[in-house]
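In what follows, chains are A, B, ... by sequence order, proteins preceding strands, each numbered from 1.
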2 protein chains.
Amino acid sequence: MPAKLLHKPSPAYEELDPVVGALVDEVIGRVADKWTMLVLEVLETQGKLRFTRIAEAVPGISQKMLTQTLRQMERDGLVTRTIYPVIPPRVEYELTDMGKSLGEAFCGVWQWAEKNLKRIEKSRAKFDLRAARAIES
Amino acid sequence: MPAKLLHKPSPAYEELDPVVGALVDEVIGRVADKWTMLVLEVLETQGKLRFTRIAEAVPGISQKMLTQTLRQMERDGLVTRTIYPVIPPRVEYELTDMGKSLGEAFCGVWQWAEKNLKRIEKSRAKFDLRAARAIES
DNA sequence: CTGCATCCGAAATGATACTG
DNA sequence: CAGTATCATTTCGGATGCAG
């Protein structure tokens, strides 16, 4: 992989190969999903978990969205789903190697978010203040 | 951010500081947005650009979404917006230092996406095949 | 306990027309 | 050129009921 393509393929790259470019965008769209990121984070830090544990660990997620997110992640090969044929049912989810590697790739983003939280809030306050004054005048 | 929780417990960091935890989630939700990521990437690799150039470089984005995304990024302090009072209007967008640092944080995710594209496609094909067979039987 | 199916309102997005 | 405004459409997400 050339150093030039460390990031998303440039427009030139997409003109050469629009299909691959579109697919990369599609994958980014999938992976850059709020619930996917939060579930990924939980599974990365807490290891193998069952459905209800994940629901508890991801604040605000509904059962429907959790099921949907886990199915997508399973389809994409990010998690394994293990069903224990017992009563009551027991289903456990665990990151695959690919899932773990994605978690590591996102690590920098989490750090960035924590580190820059206050700066973002300040920026927003400033922006909103300027906007308010613009309306007055 | 969802308002209501269907369950009681929370992740470790939220128990320590629920407010900060919620804010980190909010920032992640914002930053882990498809269009934000794509625009960020374009500005990172191509530097200062005007509105139409960005639109051309981000395949599939609508004018509305580009405007919205750029406004949010400006509000969060990720980009600067420079207006040249000429006719026709000329507006240029450029990453701030904070925007650039976010771009670097996302670098690993881009690499991951390119690297694992084929593996994801294979996983999906396999999953869909199993699902199809499950329906038949 | 897990999680699918369905309904429904809310929110996000796209398409189009229009403006300084 | 760089938007804003509006409307149509799609998607999201919560609530509920039910099944294995």
[X] side chain N/O closer than 4.0 Å to the phosphate oxygens (OP1, OP2) of [N]?
{"X": "B/Arg81", "N": "D/dA2", "value": "no"}
{"X": "B/Arg50", "N": "D/dA2", "value": "yes"}
{"X": "B/Thr67", "N": "D/dA2", "value": "no"}

Could you state the interatomic distance from CD (B/Gln46) to CG (B/Leu95), rounded to the nearest 0.5 Å?
11.5 Å
Kindly indicate, with the supporting measurements, whether the criterion side chain to side chain contact (heavy atoms under 4.5 Å, CB included) is fulfilled by B/Glu41 and A/Ile28.
CA-CA 12 Å; B/Glu41 168 64 13; A/Ile28 289 293; over 6 Å; no
Figure out the [atom1]/[atom2] separation between [X] and [N], and round it to whole Å.
{"X": "A/Gln72", "N": "D/dT11", "atom1": "CD", "atom2": "P", "result": "13 Å"}
{"X": "B/Arg71", "N": "D/dA5", "atom1": "CZ", "atom2": "P", "result": "11 Å"}
{"X": "B/Leu70", "N": "D/dT4", "atom1": "CG", "atom2": "C1'", "result": "15 Å"}
{"X": "A/Leu66", "N": "D/dA15", "atom1": "CG", "atom2": "P", "result": "15 Å"}
{"X": "A/Tyr84", "N": "C/dG3", "atom1": "OH", "atom2": "P", "result": "13 Å"}

Under a side-chain separation threshold of 4.5 Å, the hydrophobic residues clustered together with A/Tyr84 are A/Val86
Taking only residues two or more places apart in sequence, or in another chain, which ones meet A/Arg50 in a salt bridge (Lys or Arg N to Asp or Glu O under 4.0 Å)?
none
Where B/Asp76 and B/Met98 come nearest, the two heavy atoms and their spacing
O-CE, 3.0 Å
A/Leu66 and A/Val58: CA distance, side-chain angles, deciding distance, side chain to side chain contact (heavy atoms under 4.5 Å, CB included) verdict
CA-CA 9 Å; A/Leu66 181 54; A/Val58 179; 5.6 Å; no
For B/Tyr93, report the nucleic acid contact type (base, sugar-phosphate, nothing); a contact means any heavy atom under 4.0 Å.
sugar-phosphate
Counting the atoms with a prime plus P, OP1 and OP2 as sugar-phosphate, which does A/Arg53 contact under 4.0 Å by heavy atoms, base, sugar-phosphate, or nothing?
nothing
Parallel, tilted or perpendicular: rings of B/Phe106 and A/Phe106 (30°, 60°):
perpendicular
Listed nucleotide nearest any side-chain atom of B/Pro89, set C/dG3, D/dG3, C/dG20:
C/dG20
How would nucleotides 5-18 of chain C be written as a contact map, 5' to 3', with B for base contact, S for sugar-phosphate-only contact and - for no contact, using protein heavy atoms under 4.0 Å?
-BB-----BBB-B-
